[in-house]
Amino acid sequence: MTWTTVTLLVLCGVAVTSGAKPNIIFAMLDDAGWYDFQSHDPLMATPRIDQLRQEGLFLDNSYVLPMCAPTRAALLTGRYPHTMGAQDGNAAGTKKLFWPNETFSMLPGELKGLGYKTHMLGKWHLGFCHPSVTPLGRGFDTFHGMLLGSHLSYYTHTKGNANGPYDWWNNTQPDLDAKDTYNTELINDAMVDIVQQSQADQPFFVYMAFAAPHGPFEVPQHYVDTYCSHVTEPARRIHCAMMAAVDEGIGRMIDALKAKGIYDNTAIVVTSDNGGPVGSSNPSGSYNYPLRGGKKTVYEGGTRAYTVVKAPGLTVTNATWSGMINAVDWMPTLLHMAGGNAKDWMHGINAWNKIKKFGVSARKEMLYTYDDYFKFNHCAYRMGRWKLIQGRPGFHQGWYVPQNLVDAGVAENTPLAGNQDFTHFELYNLHKDPEERKDLAAKKLEIVQEIVGKIEALLDLYPLQPFVESEQSDSWTTSVDGVKVLSTCWCHPENSADTPDCTAA
Ligand SMILES: *[C@@H]1O[C@H](CO)[C@@H](O)[C@H](O)[C@H]1NC(C)=O
Ligand SMILES: *[C@@H]1O[C@H](CO)[C@@H](O)[C@H](O)[C@H]1NC(C)=O
Ligand SMILES: *[C@@H]1O[C@H](CO)[C@@H](O)[C@H](O)[C@H]1NC(C)=O
C-alpha cells in the first residue's frame, strides 16, 4: 500500500463519517390504495404509518405508474420506464430488462458511492436471468427477499403452483429456512436486524419493498382478530389485516431506530407502487375512494399514491405538502438527501429542498406513463391543473366505494369497464374535479392539442424503447440441495449478441 492510498482511505473515511448523513428507508407497499390507510379510512389499522405522517408530511400529489414493475424501474433509475423498455407490468420477466448499461446505474449503487451501506428487503421484480440484474448486481450489499413479483403463497415462497420454484433469498443463496414464515414478517424481522446491526460510522439505505397487500390474500389470523374483526366486508377484513402486518413492521422499525438512538437522523418514506386493484376481477378488498379507477388505469386511483415522508430537517411537520412529485423524482431527491447530486441521465427533479422548506414544487408538468403495450396502449400527461389521457384509460374505469360507505349512503359504487383505443382522449381539470367525473376533451380542444404537443416533445427528448414481450424459457429453475429454486442464470447467450454468458459471471 502506498502513502497516497493510505491518505485517500483516510480522506474517504473522514468524508463518510464527518457529515451526519441521514439513514434512508424507502418503504414501498405493493397495491395499497388511496383509501387503505387509517387516516383516510378509520376502519383500517395503520397507526404507525400515521405516526410518521404526523411527525413528518403527507404528500397528497405523489404520483407513480399504474403498475408495479414500471414504478420500481422509475424509482431505482430516476428515468422514464418507456425509455428502457420497462413501461409495462410484464417487463419483469423480460430477459434484457435494464441490461447492465454503463450510461446509468441504480439508486443503491449511487448511494453506495456516497458512503452508504445498502440493503434490499422484499420484492425485486426487475429481472433475474443473470446475477448482474439481481439486487446484489445492482448495488445492494444485502438482499433478503424475492426476485419475482408474487408467489403462490405468502408462506411457501413458491411461484405458480405447489411444485413451483422456491424464491426467497439470503443474498445469492435460497433461504430455505424461511419456508412457512409469513412474507411480511420475514421483512419486518430483517428490518429490525438491519437497524440493530447498523454501525454508527456508516449511514444505511434500506429499500423495504413489501409484497403486501398484493394477492394472494393471506394473513396470520391474529392480525384479523386483533385489528380488523370490526370490518364487515370479507375481502376488506383480510386486506385490513395485511395492512396491519405491514404497519406492525413499520412500528417495530421505528422502535428499533429509537432504541438505537438514530430515529431522528433517519429519513423514512412510505408509499405504494400503484393504486389498489379494483373491479370484479380483483377481489382485493382495496379501495382508492374517492378517486377514480385503480391499478392498471391511468386515472388518479391507479397513479396517485398515499405517501408519507418523515425526515431530519423538515421545517414543517404534521401537515400536507401538495407539491407535485413523480416516481422519477425520488432518485434525485434521495441522492440530495444523502449529500449527492442528480446525474444528467436522470429524468426526475430533486424535490428535497422544496419538501424540506415546505416550498412550492418545481414540478408543474408530469408524464404519468407512456405504455405502448397493446393491452394497455395508454398515456397520460399533467400540465398544471389539466390532465390529458390518451388511449385506453385502463381495465376498470369506474368509482369503487367500500361497502360500509355505500350502506351509509355516503357514496355510490359506479363500476365501469373500458375498451377505448389509442385515438381516444379525455381531459380533466384536477383542481376542480379530482375525481375525474367531467371529461372536457370535446370542449377544450386547444388544451388537448397543447398537451398532445407536450407529449410529442417529451418523446422526442426521451424516445420510446418499445416494450418487448418476455422470451419464454424452460430453464428458470435449478436445484439446490434437492429443492427446486428460481435460477438466476438462464439468459441464453446464443440468442442475443449482447447477452454475456452468466455461467462465466
Ligand atoms: C397532528 O395534528 C393533529 C390535528 O391537529 C393533532 O391531533 C395531533 O396531535 C398532531 N400530532 C402531532 C404529533 O403533533
Ligand atoms: C444505455 O442506455 C442508453 C439510454 O437508453 C442508450 O442510449 C445507450 O445506447 C445504452 N448503452 C448501451 C451500451 O447499451
Ligand atoms: C444469511 O447468510 C449469512 C451468511 O451466510 C448468515 O450469516 C445469516 O445468518 C443469514 N441470514 C438469514 C436471515 O438466514
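In this chain, residues are counted from 1 in sequence order. Remember, it's 1-based here, ligands and their atoms both numbered in the order they're listed.
- Judged as a ring-ring contact (aromatic ring centres under 6.0 Å, His included), and not counting sequence neighbours, Phe140 has no contacts.
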What are the distances between nitrogen or oxygen atoms of ligand 1 and protein nitrogen or oxygen atoms, counting only those under 3.5 Å?
from, atom 1, to, atom 2, distance (Å)
ligand 1, 2 (O), Asn318, OD1, 3.4
ligand 1, 2 (O), Asn318, ND2, 2.3
ligand 1, 11 (N), Gln54, OE1, 2.7
ligand 1, 11 (N), Asn318, ND2, 2.9
ligand 1, 14 (O), Asn318, ND2, 3.4

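- Of the two cysteines examined, Cys489 and Cys129, the SG atoms fail the criterion of being under 2.5 Å apart.
- The side-chain contact (heavy atoms from CB on, under 4.5 Å) search around Lys356 returns Trp352, Asn353, not counting sequence neighbours.
- A donor and an acceptor atom, one from each side chain of Tyr63 and Glu300, are located under 3.5 Å apart.
- Both the sub-6.0 Å distance and the 45° axial angle are not jointly satisfied by Lys387 relative to the ring of Tyr428.
- Pairs of residues two or more places apart, or lying in two chains, that qualify as salt bridge (Lys or Arg N to Asp or Glu O under 4.0 Å) and include a residue from residues 114-137 are Asp30-Lys123.
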